[in-house]
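Each chain gets a letter, A, B and so on, in the order the sequences are listed, and its residues count up from 1.
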Amino acid sequence: MASTPPHCSITATKPYQSHQYPQNQRLKSQRNARQPNQWTTQQVSLPKPLPLPSQPPRSAPRPPLPAPTSSFSSLPSLPPPKSDLVTAFSGRRSTRFVSKMHLGRPKTTVGSRHSALAEEALHHAVQYGKNDLALDDVLLSFETRLGGSDDYTFLLRELGNRGECWKAIRCFEFAVRRERRRTEQGKLASSMISTLGRLGKVELAKNVFQTAVDDGYGKTVYTYSALISAYGRSGYCEEAIRVLESMKDAGLKPNLVTYNAVIDACGKGGVEFKRVVEIFNEMLRNGVQPDRITYNSLLAVCSRGGLWEAAQNLFSEMVDRGIDQDIYTYNTLLDAICKGGQMDLAYQMMSEMPSKNILPNVVTYSTIIDGYAKAGRLEDALSLFNEMKFLAISLDRVLYNTLLSLYGKLGRFEDALNVCKEMESVGIAKDVVSYNALLGGYGKQGKYDEVKRMYNEMIEEHVSPNILTYSTLIDLYSKGGLYAEAMRVFREFKHAGLKADVVLYSELINALCKNGLVESALSLLDEMTKEGIRPNVVTYNSIIDAFGRSAATECAVDAAPGGIMLQTGSSSTVSERKVFEIQVGDREDNRFLKMFGQLAAEKAGYAIKDRKVRQEILCILGIFQKMHELDIKPNVVTFSAILNACSRCNSFDDASMLLEELRLFDNQVYGVAHGLLMGYRDNVWVKAQSLFDEVKQMDSSTASAFYNALTDMLWHFGQKQGAQLVVLEGKRRNVWESAWSDSCLDLHLMSPGAARAMVHAWLLNIRTIVFKGQQLPNLLSILTGWGKHSKVVGDSTLRRAIEALLTSMGAPFHIAKCNLGRFISTGSVAAAWLKESGTLEVLVLHDDRTYPKGAHLDQISNFQALAL
DNA sequence: GTAGGGTTAG
């Protein structure tokens, strides 16, 4: 193909970055665990002086643009100026790749050319082949009567489908021995490899392949393709790609099936879309025309990353190329769109399917229902489920599990139990996914007795817990503060011989961080990297969030070699470390258990609270630098975590310096935050608007977390007018989905800073009503809720903050008798207060930092324009 | 050689 092929359009409109550590790499690094790698060597533990001035300039604010002589001037290259907030957050949330194996879908032998005798031999092999010898007897007794390799292929495939792996291998070896023709031996080898691949026995598959190559019958496109597929199913995408290369080295030409298998492997293994497109381009260069399955597999790559726009491009490219779509195409495309958070678009696409003569099936519905559930649109999810029932589409295991998860999220346990009953009645036993969903649901509602009951039932039913079960349990117990339970689960997890992964580590790290044990969290981070598990953005976000929360004594960050260290005032950490390094064997158990033991013992876990609190948010700079080195892209949660850390810090200079330094990484995001903090609103408001536009594309909880963090930070540092502008902007964009009417202000989704700024704006608005001579409603209410959105159930920080604010203003609101989270006033009393001469002065907010054009009247007209 | 479900950060 000399001319530019149409495939050029396959470019992700947004770069997808995967921070995951595919299993093959993980295994590889396990294998090389003794060799120092970039990870472990960078995790230095020698304290070095702070690279930042310990006494930041306290006088004049810095100019808007950072000086080139910053501590990061040695950065090899700066990240692109465009922020990646949306990219990083619109995609799939899961960062766990390989726990879900793509195994067990049996290859049908319908249409196989086997003889009737092969079926008989199969039954004998299943029934009588109890051991090697007995199986050999069966095979020998059929040897003369069985046809060629077709019969043996059938036999070993079917044995594989029945999970009789060793019998399949024995049968294969038997067949190869009696077969003289190389091509036939090759056929046997490729079906054996494919069968083992389906069973997830990838090492065995590789052995079969190697033997076949060594013995001279394995060098075929089919065996190579089968091996690629086997690697793919188990998530070993790098290996799959390597096999493709070695195949070319061996002088074989990959065909359509080979390329499709490689692309499929890439999708399952989480290879970046861009890289898969390169393979696709290579395929085209080699004159191999893609087919429907190629595109379906490419769509699956997009779906994994939530690249819904790229998926749409692929879809139209299929149409352009005259390649028909099928139900797989639609379901995979829909999955990509759902994972990209575009639920309305997904629903619309699904509605268009019948006109293309492709009817939505149970997979389509479970995809969209789950998409709605993940987007928090639980009612939409349920109504789609009803639609599906109405259409008499029968439910399967996955849909039942989707429902269980949905009802669990809603706390509708009766419905969940009914689903369980229905599953039982139709003969679908609960599997590990069902139990995990139930455990998670009960756990989120704090029903720990039910959690225990479910777990016991699971064990009694011989459903083995997997890493997700343990993850779920550890997380829910940690969140509930039941650290002793979390420890017990962790012990069981170790006992089960499972290897911790990035999610499990991140949960543990988060639990430590939430309790201020940032040192322990960092040492776990160190631990996991030594284990060859790559932290991801979630891990780092937890750690960033810990700063300012903790009471660690002293923190030193070494940005140059990339290490993050905390130097503690006490020597205990140092000696602790030494002890652990000696006990290499059970080091990790001890660590986890010790840390969690600390939490369990102290319950609330403020282990080191009386130590001198120092401003440690500058450590974040080091973390950020580290993330940059590791190519882990910060996202909007990182941003929110940093701002929240700033809000916990009492030094304006430290906060402004941090934000200013961070502008070197992302000038848009941190430029806005820094500018607003400094009061340079005129300079940054346009940039802020485009940032807000980006945030608007995210789901509501992400967006509100962003606005909450930003306003909190501004409020905390006295930039109250700025905070109010941001909050009104958020209100204008419906970020909080809360009520703002003349009679009621609902603050329950807001942070204390945002809520306070909002109260001012709302009261000013009510005041204009009064001054226009209009009647106020009889009753005015301000709702703060019960801290439902707070991580701490029943936390009433917001209520207390609002109470204090109203009191300080002298506002005539009081707590409603029946609802502690509601402040009320009659309209007439409020109106009288608003008319008082001093009230306006109390309501109008001022910035602590100078704002060149600041004026009360400006502000009033501003907020009126925004609020009304 | 192709699709959907379970977990972590705010």
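With hydrogens and angles left out, the side chain of S640(A) and the base of dG10(B) share no donor-acceptor pair within 3.5 Å. For T702(A) against dG10(B), a side-chain-to-base donor-acceptor contact under 3.5 Å is present. At a cut-off of 3.5 angstrom, counting only N and O atoms as typed in the model, there is a donor on one side and an acceptor on the other between the side-chain of N635(A) and the base of dA9(B). Interface remark: the N361(A) side chain does not form any donor-acceptor pair with the dG4(B) base, using a distance-only criterion of under 3.5 Å. A donor and an acceptor atom sit less than 3.5 Å apart, one in the side chain of D396(A) and one in the base of dG4(B).
Rounded to whole angstrom, the span from the CG atom of N541(A) across to the P atom of dA9(B) amounts to 10 Å. Following rounding to the nearest Å, L476(A) (CG) and dA9(B) (P) show an atom-to-atom distance of 12 Å. Atom-to-atom, CG of L524(A) to C1' of dT8(B) comes out at 14 Å; the value is rounded to the nearest Å. Regarding D501(A), its CG atom lies at a distance of 14 Å from the P atom of dA9(B), rounded to whole Å. For F639(A) and dA9(B), the CZ to P distance is 20 Å, given to the nearest whole Å. If you measure from atom CD1 of I369(A) to atom P of dG4(B), you get 15 Å, rounded to the nearest angstrom. dG10(B) atom P lies 18 Å from atom CG of L710(A), rounded to whole Å. Protein atom CD of Q325(A) is 14 Å distant from nucleotide atom C1' of dT2(B), rounded to whole Å.
Closest to the side chain of K514(A), from the set dT2(B), dG6(B), dA9(B), is dA9(B). The side chain of S366(A) has dG4(B) as its nearest neighbour among dT8(B), dG4(B), dG6(B). Looking at the side chain of I327(A), the nearest of the listed nucleotides dA3(B), dA9(B), dG6(B) is dA3(B).
In this structure, K339(A) does not reach the dG4(B) phosphate: none of its side-chain N or O atoms is under 4.0 Å from OP1 or OP2. K479(A) has a side-chain polar atom (N or O) that falls below the 4.0 Å cut-off from OP1 or OP2 of dA9(B). For the OP1/OP2 pair of dG6(B) and a distance below 4.0 Å, the side-chain nitrogens and oxygens of K430(A) include no atom meeting the criterion. Under 4.0 angstrom from either OP1 or OP2 of dT2(B) there lies at least one side-chain N or O belonging to R233(A). Contact check, K374(A) against dG6(B): a side-chain N or O comes under 4.0 Å of OP1 or OP2. A close approach under 4.0 Å does occur between a side-chain nitrogen or oxygen of N510(A) and OP1 or OP2 of dA9(B).
Ring to ring, Y707(A) and F692(A) are close: their centroids are under 6.0 angstrom apart.
We find that D324(A) and R292(A) are not joined by a salt bridge, their nearest charged nitrogen and carboxylate oxygen being 4.0 Å or further apart.
Counting non-hydrogen atoms under 4.0 angstrom, V262(A) reaches nothing in the nucleic acid. Among the atoms of the strands shown, only primed sugar atoms or phosphate atoms (P, OP1, OP2) are found under 4.0 Å from some heavy atom of T367(A).
With no hydrogens or angles considered, no side-chain donor-acceptor pair links Y470(A) and E492(A) at under 3.5 Å.
Residues that satisfy the side chain to side chain contact (heavy atoms under 4.5 Å, CB included) test with D475(A), not counting sequence neighbours, are K479(A), E507(A). With sequence neighbours excluded, the residues forming a side-chain hydrogen bond (donor to acceptor under 3.5 Å, both in side chains) with K356(A) are Y330(A), listed by chain and number.
Within the model, atoms CG of D415(A) and SG of C420(A) stand 11.0 Å from one another, a figure rounded to the nearest 0.5 Å.
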